[in-house]
Every structure is written in C-alpha cells, then in structure tokens.
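Working notes, structure below.
Numbers restart at 1 for each chain; the letters A, B, ... are given by sequence-line order, proteins then strands.
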Protein chains: 2
Amino acid sequence: MTDPTSPRNVTADDVAEAAGVSRWTVNRAFKKDASISPKTRSKVMAAAQALGYVPDLHAAALASTRSNLVALLIDDFANPHKLVMLERLTRALRSRGWDTLLVNTLDPDDAAPALLNASQRRVDATILIGLQFDDEVLRAAYKARRVKKLIIFARGSEDPNTTSICVDDEAATREIAQYVLTRGYRRPLFLAGPRTTSAHLLRKETFTRVWQENRGVVPDSATVTAYDPLLSAEVAHDTLAPRSRDALPDIIVCENDALALGAIDTIRHRLGLTVPGDIAVIGFDDVPQAAGPNYRLTTYRQPMTEMANYLVDVLESAETTDLDRRFLGELVVRDSA
Amino acid sequence: MTDPTSPRNVTADDVAEAAGVSRWTVNRAFKKDASISPKTRSKVMAAAQALGYVPDLHAAALASTRSNLVALLIDDFANPHKLVMLERLTRALRSRGWDTLLVNTLDPDDAAPALLNASQRRVDATILIGLQFDDEVLRAAYKARRVKKLIIFARGSEDPNTTSICVDDEAATREIAQYVLTRGYRRPLFLAGPRTTSAHLLRKETFTRVWQENRGVVPDSATVTAYDPLLSAEVAHDTLAPRSRDALPDIIVCENDALALGAIDTIRHRLGLTVPGDIAVIGFDDVPQAAGPNYRLTTYRQPMTEMANYLVDVLESAETTDLDRRFLGELVVRDSA
DNA sequence: GAACTTTTTGCACCCGAGTGCAGAACCTCT
DNA sequence: AGAGGTTCTGCACTCGGGTGCAAAAAGTTC
C-alpha cells in the first residue's frame, strides 16, 4: 500500500520548503484559530495538498500535553445496547476530532493492564461504559499515572475523581413505577443486574422505594449477574418456574433491555405464557430489537446522542470538577406492558 | 487523577539514573528478547517499578516504524454479530500487545477521513470488518499513504493489496445447501445482504449453484440492503406477505443471522406462521441470541477466536503477500431448520 | 510620514524513545 | 593466564512537531 516512490515521510519541513515559509507556519496553518494570515494559510495548504502532507499525531501528542485520544473500556459484550453506545460515542468523538481506543476488559484481570496501557498511549480521558467490574477498574485507575479524566458513561457515580454522565435513574424509574401503578399491575418483580459499589444505577432502589410508598410492600426481585439476555432467561426461569400460577408476577420490571429480552423469551418459550397477557415486561435503554415485531418492548429511552455530545463537551472542557450531568429520557410505550 | 507530586513524567532517563545504567539499557529491559543480562534487567525493572515508569508509546511509535496500533473500521452496528467480533478481536489483539482504534464508518463520507486519520496515527494495519461500503473504503485506502496493511476480516476479497481472513464461504454454503437438500426442503428462498464488489461473501452464489445442480432450478431470492434485523423483517414481509400460502418458501436460507432473526420475527408475528413448522430458517454466524429459547436458530458458526488469532499472526508476519486464509466452521443444528 | 499598534512569522529548545554500531565486560578453553 | 569468542552496554543521531517569546511585517493615527 505504501507508495514506493516516497521513501521518506513528508513532514512539515517539506511543506515549509515548498511553500517558502518556516515549519512553524506550516503547523499554524493546520491549527484551528492560530495566528496566521489567510493568504499564507492557503498557500501552505496548497503546498501540503500537493505533497500529501498530514500532521503526524504521534509527534503532536509527544510534543504537547494532549493526544486527542480516549480509551473506551468495555466489558459488557452480551448487552446489545453496547453496540448502540459504541456507535453513538465513536461518531460524536470522531466528528469533533477525537479518536477512540477500544479496550476490552471483559476479563477483570485485563482491567489494570488496560488502564496502564491507556496511560502509555497518553489518552486524554478514560471512558467506562457500563462495566460489571468497574469497582476494580476504578481502583486500578486511581493507581495509574497520567489518566487525566475518568468518565463513567451511562452509569452514576458519586466518586469525586470521576465524571458521571447518565440518565437520571431516579426520575426515570419513578416514571416507570408510576406507569406500572397506573396500569394497575399489582405483583411486580424487579429483575436487577449485577451490583457494583463505585458506579451504580439507582433503578432497583428507586423502584422499590416508590412501590413501597404506594403499596406498602417491598416488591419481589431477582438478580442476574451480567447484562446478558441468555443469562437473564436462565434466572427468570429459575425464579418463576417453581412458582404456582398465582404466585407469578403480573409484570417484570427490568433494569435494562438486555434483561428484559431474556425474560420475555423465558416467559414465552419456557413457561409457555404470553407477554403481556400473562406477564408484562418493561425494560430500559430501547435497544433496536425492542422495536422489532418480536418483542415490542415498552422501555425507557436514554438520549444517547445528546449524552455522547455532552461527553465530548466534558473532554474539551477546562473544568475538572462538577461536570456530572443527569439526562432525562422518555418512556416508550409499546406492547409488552 | 494525576499525582501532583510528580510534575514531570518519569522517563527512561530517570530510571536509568536510579538504576545506575544508561537510558538505552533501560529501554532494553522493557523490550522482549533484547540483549541484556538478567541481572541488569531485574535491577532496571526494580527501579522502574519504584518510580512507576512505563514507556511512552507515542515516543516509541515516533522513533520506530511500528506503532502496535491497528484501526478497526466498522459500519455495521445493527448486526449483533459485530459485538462478538469486536470482543474476539480486541481480546486477541490486546493479548499480544496490540491496541485497537475503533473507527465508525457508518456514514460513508466518514470512510476517507477515517483512513486519513488512521494514517496520521501511524496504524500498522487497517482492519475492515464486514463493511457495507467497503468498495469506497478500499478506494480511499489505496489513496491514503502509510496504510501498511489492509486486512478484510470475515469477508472475502481477491484484491492483491489486501489480506482476507474469512470462513470458506463456498464450503460452508455447500454444507448448508446439502443440509437443506437432505432435510427435504423444496422451495428455498435465499435472503441476501448488500452486495459489494471489492469484498464479498460467496454465499448466495454458492447456494444458487448447488441448488441448481441438484434441483435444476434457480432458487428464489431477496435482498436486504443492510445486515439489520429490523430491515430484514421488513423485506421478508414485503416479499412474503403478498404470496398465497402455497407460493411461500418452505425454508429461508439467510446470508447471516442478522437477517435470519428478522425473518423469523416476521414469519411469526406478521405472517402468523410458525418456525420451522410453516417456514424453516437457517442463518450464518451463530450470534448469541441464536442459541436463546426464542430463536433456536440453525446456523453456521465461524471459528472467530481462531480467525482473530490468525489476524494477529498476519500483523506480526513479515510477509506482505499470500496471507489470505479460509477457515472452516461448523453447522450448528438447532430447531429453526 | 513618523510613531505606535497589532498581526505574522521565525526560532531555540523540548517531548521520550528506537537503531545500528563500537567498545567494554565477561566467559570458555587450552 | 592469555587468546578468542560471546554477551552487554553506551552513544550519536533521528523520528515530527508544540510552546512561548522575540523579531519582523503590516496596519493605524494624526
């Protein structure tokens, strides 16, 4: 692929020579709002174009304190929502000049080396998206040097060293709970995902509280150890199969869609019941298949694009504190509840 | 997050001083099979540990001809199989010291800038995974400088500038076709994905040929313009809904699972028929939900892990030619066909 | 057109490490 | 112990561009 006629890279020096200016002027031409006359800039750009020059980002990162690179840590590959998040995040980042290093921390032992590696690449920020092992990762991050910003995306955190960008779980869950109450469901089961301490979702807590305030009892619940539809199907089965018909919930409120999909599958195919006829199901995230003809899932949609854009705002912000932000989404009512 | 007590980065020089050796010896200590005595190395490592030194990868990339970085170009976020591929690839890459730049080329206009950007980061290779717009991307890649290796993953290509790592589509499809014949299906419909010229799947061609050889007729087919279950559900509906009952296929052979999932959804929920009772469905990829209680999809599994490892072999190989390789997977028979 | 501003441009120095080779240190064998 | 070989270590030079400031050019004002 490499052009054999150009044994050496074309550098700013080459362009400078071609354009009859100094190297620094060439750099300025490539820098947004640098102090350079339009005339010189266009002359430089023409020369650069002709020579096929593009600035080397490694050299730039080395020389400056910024790399325009972020590490995206993900360990939740069974959750279809992650694909949506990746799409939205990479798009928002790229459109504003940021590159994304995708780091797989599925194996918890990889988390620490991953952070270390990110620091070796001088990433300007590390973004955690919906991690199961975030406690550990956070601990590792604190130890790592040069991790400038730590952003927890789509998940809450009170950690002062961290910026958390997520939906307002309390408000969202209150809306969901209200919907469940209004529609007259009486025996909800809350299907929760893995619990972590550093980064959380307040969904189960909020639902429990609201339900208790309104009905005076703590709702039933069950926990799945990963946001995996297949695992969720297992847990749903183990939880519901032993019960007599009238001990079954009339609605399963799920911490997210990954769990909801599995729950629906089990209700239909392993319990032989219908959704929402026998048991209704409500999710969170609005994954693509939630809108498909099979699930028609009632769920809560997070404003992903908006959140992704805000994330880039945070990256570009000079502030280092008080950047947390909670977003409001919307309940998308379909057929499942 | 940055330790305020260390205003400056700790560099190899610092470690060298602390360990009483030269900087170059420090570098050697961090380099696999470098010429250095075990004694010196452990001394250096101890000092490095104490100071919290890690080599700066930007500086390394700048000084050498390798960056240990690859760009992963993806534009197919609706296909759940991509999440599996991302997981396998990032894991294989990381375990052997490679970092992954995730580049979203969903918008075809982003492809060229994405390639450019990758070259600015001096990636050692660009990996294309299942692109819809690969023709365009390839063309852009040829123009870009410094794109050393171009690898097409999970898709075939005859392009000599490219290394293609994928399953043997012909063998796989022949096995599928044989299965379809053996099980006595008589009216298949082949559901194909988008067609590209540079990088291809030979599934439709092969199925058509085998069927024609055996039954003397060209099988029915339809095309979906993206590997998106929702879109596939639409196309399946538009194709099948107008037909009378006995003009319906008895099996839908899908180019991959993304299409198969959508087809099943439509058969069940929009046509009110059963799978496999009325219409059987067969997929390709073995996405996670294929194993779930809802789909129980019969499909062909690609040896992803093996393929990912081979990809890293290619990266590390000094050869630049003749690295294409076809893998064999296995037909996973479940309930859908 | 002199005196003063403001905009442009040039430059010294630095970011942190890889390469290939020459010289030093160590080891083996007789 | 010394020759001959092997393993280590040190160094000059290089990768490509950012920063802050000083000098130069261009623009203003009276």
Are OP1 or OP2 of [N] and a side-chain N or O of [X] less than 4.0 angstrom apart?
| X | N | value |
| --- | --- | --- |
| B:K31 | C:dT19 | yes |
| B:T25 | D:dG10 | yes |
| B:N27 | C:dA17 | no |

Taking atom types as they are modelled, is there a donor-acceptor pair under 3.5 Å from the base of [N] to the side chain of [X]?
| X | N | answer |
| --- | --- | --- |
| B:R28 | C:dG18 | no |
| A:W24 | C:dT8 | no |
| A:R23 | D:dG17 | yes |

What distance do A:L315 atom CG and A:L69 atom CG have between them, rounded to the nearest 0.5 Å?
->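 So the gap between those two atoms works out to 11.0 Å.
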
Checking all strands, does B:Y53 fall into the base, sugar-phosphate, or nothing category for heavy-atom contacts under 4.0 angstrom?
->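 It contacts sugar-phosphate atoms only.
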
Between atom [atom1] in [X] and atom [atom2] in [N], what is the gap in whole Å?
| X | N | atom1 | atom2 | value |
| --- | --- | --- | --- | --- |
| A:H58 | D:dT14 | NE2 | C1' | 16 Å |
| A:R121 | C:dA17 | CZ | C1' | 14 Å |
| B:D13 | C:dC14 | CG | C1' | 13 Å |
| B:R122 | C:dG18 | CZ | C1' | 12 Å |
| B:L62 | C:dT19 | CG | C1' | 13 Å |
| A:L51 | D:dG16 | CG | C1' | 15 Å |
| B:R66 | C:dT19 | CZ | P | 10 Å |
| B:D56 | D:dG16 | CG | P | 16 Å |

Where the side chain of A:S64 is defined as all heavy atoms beyond and including C-beta, which of D:dG17, D:dG18, C:dG18 is the nearest nucleotide?
->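 The listed nucleotide nearest to A:S64's side chain is D:dG18.
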
What nucleotide, of C:dA17, D:dT9, D:dT19, holds the atom closest to the side chain of B:A60?
->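 Minimum distance to the B:A60 side chain belongs to C:dA17.
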
Take the angle between the ring planes of A:Y53 and A:F30 and call it parallel below 30°, perpendicular above 60°, tilted in between.
->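 A:Y53 vs A:F30 ring planes: perpendicular.
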
Inspect the contact between B:D110 and A:R94 and indicate whether a charged nitrogen and a carboxylate oxygen are less than 4.0 angstrom apart.
->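 Not counted as a salt bridge, because no side-chain N and carboxylate O are separated by less than 4.0 Å.
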
Check each of A:R121, A:R122, A:Q120 against B:D56 using the side chain to side chain donor-acceptor pair (under 3.5 Å) test, and report the only one that passes.
->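 The single option meeting the side chain to side chain donor-acceptor pair (under 3.5 Å) with B:D56 is A:R122.
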
Want to settle it: does B:A63 or B:T40 sit nearer the 5' end of DNA chain D, counting the closest nucleotide to each?
->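 Per heavy-atom nearest nucleotide, the more 5' residue is B:T40.
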
